[in-house]
Structures are given as structure tokens and as C-alpha cells.
Number of protein chains: 2
Amino acid sequence: MKRNSRLSLALHTLSHMAGEPDRVRTSSDIADHAGTNPVVVRRVLGKLREAGLLTSEKGHAGGWRLARPPQNISLADVYLALDERLVASDEISEAPACSVEHALQKRVSGVLEEIEQSLVQKLGETSISEVRGA
Amino acid sequence: MKRNSRLSLALHTLSHMAGEPDRVRTSSDIADHAGTNPVVVRRVLGKLREAGLLTSEKGHAGGWRLARPPQNISLADVYLALDERLVASDEISEAPACSVEHALQKRVSGVLEEIEQSLVQKLGETSISEVRGA
DNA sequence: GACTAATGCAACTACAAAAGTTACGTGTAT
DNA sequence: ATACACGTAACTTTTGTAGTTGCATTAGTC
């Protein structure tokens with residue numbers, strides 16, 4: 001696949017679903033369309049299910065479905081569901097000796113965190129249906 | 001190190017330099033402060049030099065220095081210098097069979113590209129000196 | 001009840017990006 | 001001449017993630 005594939009796969013799948021919200025889709029179908037395989041699809045969509053964006057049903061005629069109207073699912077919902085933190089680092093900074101150094105590190109982290117937040121806000125301005133729609 | 005380490009290392013170093021713009025620093029000094037090693041530092045700072053943010057001098061008493069006043073170096077400058085594309089994918093999409101599918105992929109890519117742009121814009125609003133300063 | 005088709009999940013392999021490391025060439029001040 | 005610094009190439013190590021296989025569980029269908 002490519003980089004940022006989880007986010008890309010999630011958006012792709014959700015946008016696709018937004019077109020026919022009532023249709024149930026299997027992991028295999030989705031995997032075929034996305035050029036990947038069913039287990040990867042389940043892994044990614046599982047995250048979206050945990051976040052309440054999708055529902056899944058086992059057994060015969062089971063599969064995936066949107067849990068809410070697509071107008072009501074923002075890109076930020078998806079991003080957060082996947083635990084992506086593209087900008088900020090989930091740092092385990094190994095406590096630098098110097099305290100000035102430590103202060104500076106917190107500065108940098110703080111700035112990146114702000115940028116991360118503004119990214120999420122920006123993502124919140126677009127819904128899945130808009131991705132498909134126009 | 002941690003995730004997003006190149007950006008983090010670059011910002012850290014530049015912020016540090018912003019404090020004493022006239023001082024020349026060696027890769028070793030910087031590496032010690034950042035908890036990494038000189039070659040990695042040279043790799044990252046080399047990108048910043050290519051982008052005109054830093055200068056380097058070889059030989060005895062050589063080292064790294066800011067190429068411009070720190071007020072005049074934005075986070076976007078740094079981000080772009082490193083060729084980071086945190087949101088958008090540098091996709092080599094393997095041409096999907098269905099053309100509808102292809103259209104949708106372009107949609108998703110387009111949206112991510114927009115988000116990427118807005119991220120750069122946001123980064124452009126902060127300078128290196130502000131990171132250190134307040 | 002047997003069969004089929006779907007998710008859920010664990011364990012493993014494969015691969016790629018990046019950090020870390022070593023080594024050596026080049027340039028420059030003393 | 002020497003010491004010190006960058007520039008760069010080649011290699012190893014680490015890590016994140018996709019891909020794969022296998023099997024348990026669940027739910028319709030015959």
C-alpha cells in the first residue's frame with residue numbers, strides 16, 4: 001500500500017459507503033475495492049466501530065454498515081478514531097540532563113500539540129458525505 | 001528517538017540557536033543536547049541548509065549557524081525543508097480497475113491535499129523565535 | 001442439525017522507513 | 001603537519017505496519 005494508508009483506507013471506505021448507506025458490505029468486498037486484504041480492512045474498520053462510526057454483524061449476510069448518517073461523520077471523527085497523531089509526537093522523551101533543555105523540549109512539544117489541535121479542528125469542518133459529494 | 005523525530009530535532013535545534021544566533025555549534029554539541037548522534041544531526045540540518053535556513057562551515061572552528069534572523073524562519077519553512085508530508089500521501093496509486101473507484105480515490109487524495117495545505121499555512125504563522133520566546 | 005458465510009482475534013512473516021553506526025574523504029584554522 | 005569539523009556512503013538495527021494464515025464464534029439457510 002502507501003503511506004497514511006489507514007486514514008486513506010478509512011476515508012475511502014466510508015466515502016464509498018456514504019453513497020449507498022443501506023447496503024451491507026463485507027470485508028472482502030471492501031478489500032477488493034481498496035486493493036488490500038480482509039484482515040487489514042477489519043483491523044481498520046474495527047477502530048471505527050469502537051468509535052461508534054460503523055457497526056458490524058457476524059454470520060451469514062453479515063458485514064459493515066454506517067452507524068450514523070454520513071453527513072454526521074466528520075474527518076476528525078475518523079482521524080481520532082484511528083488514534084492518528086500525525087504532527088505531535090507521542091513522546092517518551094528521555095529526560096534531558098539540563099533543565100533549560102527540558103523546558104525547551106516542552107516548548108517544542110507544546111507548539112506541535114497546538115498544531116495538532118488545529119489540524120483536528122480543520123478536519124472537523126468536512127464530513128464524509130462532502131468527500132464523496134463535491 | 002521518538003516519532004516525528006526529524007521535525008522535532010530540527011525545531012529543537014533551531015529554537016536553541018535562536019537564543020544565541022551568533023554562536024557556532026558543531027554537530028556533536030547539537031547531538032549531545034538532542035540525545036542523538038552527529039551524523040543524524042548532519043543529515044537533518046543538511047536539509048535545512050539546502051533550504052537556506054542554515055549555513056555550515058567545514059574545518060577547524062567550523063559548525064552550524066542560522067542563515068537568517070530567527071524571526072524570519074517559520075515552522076512552515078522547516079516543515080517544507082524536510083520534505084515532510086504528514087497528511088497527504090505521496091501515493092503511487094495502483095490504478096484501480098473501476099473508474100468510479102478511481103474518481104473516488106482522487107477525491108480522497110484531493111481532500112487530504114487541502115488539509116495538508118492548511119497545515120502548512122498554520123505552520124507559517126509561527127516563527128522559530130516564538131517557539132523559544134513565549 | 002449440518003452447512004455456509006461472515007466477523008474477531010491471535011500469531012506470525014515480510015517489508016520499508018528511519019535511526020544509529022562506522023569509516024573515510026574533504027576542507028580549514030592553528 | 002596536525003587537529004577538528006563537515007559531507008557522504010555503506011551498513012546494521014530498530015520499529016511500525018501491511019500482509020498472511022489459522023481458527024473460534026456467530027448467524028442465517030437448507
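A note on names: the letters A, B, ... follow the listed sequences, proteins ahead of strands, and every chain is numbered from 1.
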Undergrad: At their closest point, which heavy atom of A:A61 faces which heavy atom of A:V24, and how far apart are they?
TA: O-CG1, 4.3 Å
Undergrad: Suppose we screen for salt bridge (charged side-chain N to carboxylate O under 4.0 Å, His left out). Which residues come up paired with B:R23, at least two apart in sequence or across chains?
TA: B:E20
Undergrad: Checking B:H12 now: which residues fulfil ring pair (Phe, Tyr, Trp, His ring centres under 6.0 Å) with it, not counting sequence neighbours?
TA: none
Undergrad: Show every side chain to side chain donor-acceptor pair (under 3.5 Å) that has at least one partner inside residues 57-66 of chain B, sequence neighbours left out.
TA: B:S27-B:W64
Undergrad: Tell me the interatomic distance from B:D83, atom CG, to C:dA17, atom C1', rounded to whole angstroms.
TA: 15 Å
Undergrad: Whole Å only: how far is the CZ atom of A:R42 from the C1' atom of D:dG22?
TA: 12 Å
Undergrad: For B:D77, enumerate each residue passing the salt bridge (charged side-chain N to carboxylate O under 4.0 Å, His left out) test, keeping only those at least two apart in sequence or located in another chain.
TA: B:R68
Undergrad: Figure out the CD1/P separation between A:I30 and C:dG8, and round it to whole Å.
TA: 11 Å
Undergrad: Using a heavy-atom distance cut-off of less than 4.0 Å, which residues of residues 47-60 of chain A contact DNA chain C?
TA: A:R49, A:S56, A:E57, A:K58, A:G59, A:H60
Undergrad: Rounded to the Å, how far apart are B:L86 CG and C:dA17 P?
TA: 16 Å
Undergrad: Atom OG1 in B:T13, atom CG in A:L104: separation rounded to 0.5 Å?
TA: 9.0 Å
Undergrad: Which residues within residues 15-29 of chain B lie with some heavy atom under 4.0 Å of an atom in DNA chain C?
TA: none
Undergrad: Select from A:A61 and A:N37 the residue whose nearest nucleotide in DNA chain D is closer to the 5' end of that strand.
TA: A:N37
Undergrad: In this structure, how many angstroms lie between the P atom of C:dA18 and the CZ atom of B:R85, rounded?
TA: 14 Å
Undergrad: Ignoring hydrogens and angles, write down the donor-acceptor pairs under 3.5 Å from the side chains of residues 113-127 of chain A, residues two or more places apart or on other chains.
TA:
unit_1, atom_1, unit_2, atom_2, d
A:E113, OE1, A:R85, NH2, 2.7
A:E113, OE2, A:Q117, NE2, 2.9
A:E116, OE1, A:V87, N, 2.9
A:E116, OE1, A:A88, N, 2.8
A:E116, OE2, A:Y79, OH, 2.5
A:S118, OG, A:I115, O, 3.0
A:S127, OG, A:S129, N, 3.4
A:S127, OG, A:S129, OG, 2.9
A:S127, OG, A:E130, N, 3.3
A:S127, OG, A:E130, OE2, 3.2

Undergrad: What pairs of residues pass the salt bridge (charged side-chain N to carboxylate O under 4.0 Å, His left out) test when at least one of them lies in residues 44-53 of chain A, not counting sequence neighbours?
TA: A:K47-A:D83
Undergrad: Not counting sequence neighbours, which residues clear side chain to side chain contact (heavy atoms under 4.5 Å, CB included) with A:A103? List them please.
TA: none
Undergrad: Could you tell me which residues satisfy side chain to side chain donor-acceptor pair (under 3.5 Å) with B:R25, sequence neighbours excluded, listed by chain and number?
TA: B:H16
Undergrad: For nucleotides 9-15 of chain D, print each protein N/O atom paired with a nucleotide N/O atom at under 3.5 Å, atom names and distance only.
TA:
none

Undergrad: Without decimals, in angstroms, what is the distance between A:L7 CG and D:dT17 P?
TA: 13 Å
Undergrad: Only counting residues at least two apart or in another chain, list the ones meeting side chain to side chain contact (heavy atoms under 4.5 Å, CB included) with B:D32.
TA: none
Undergrad: Could you check how far CZ of B:R6 sits from C1' of C:dA19, rounded to whole Å?
TA: 10 Å
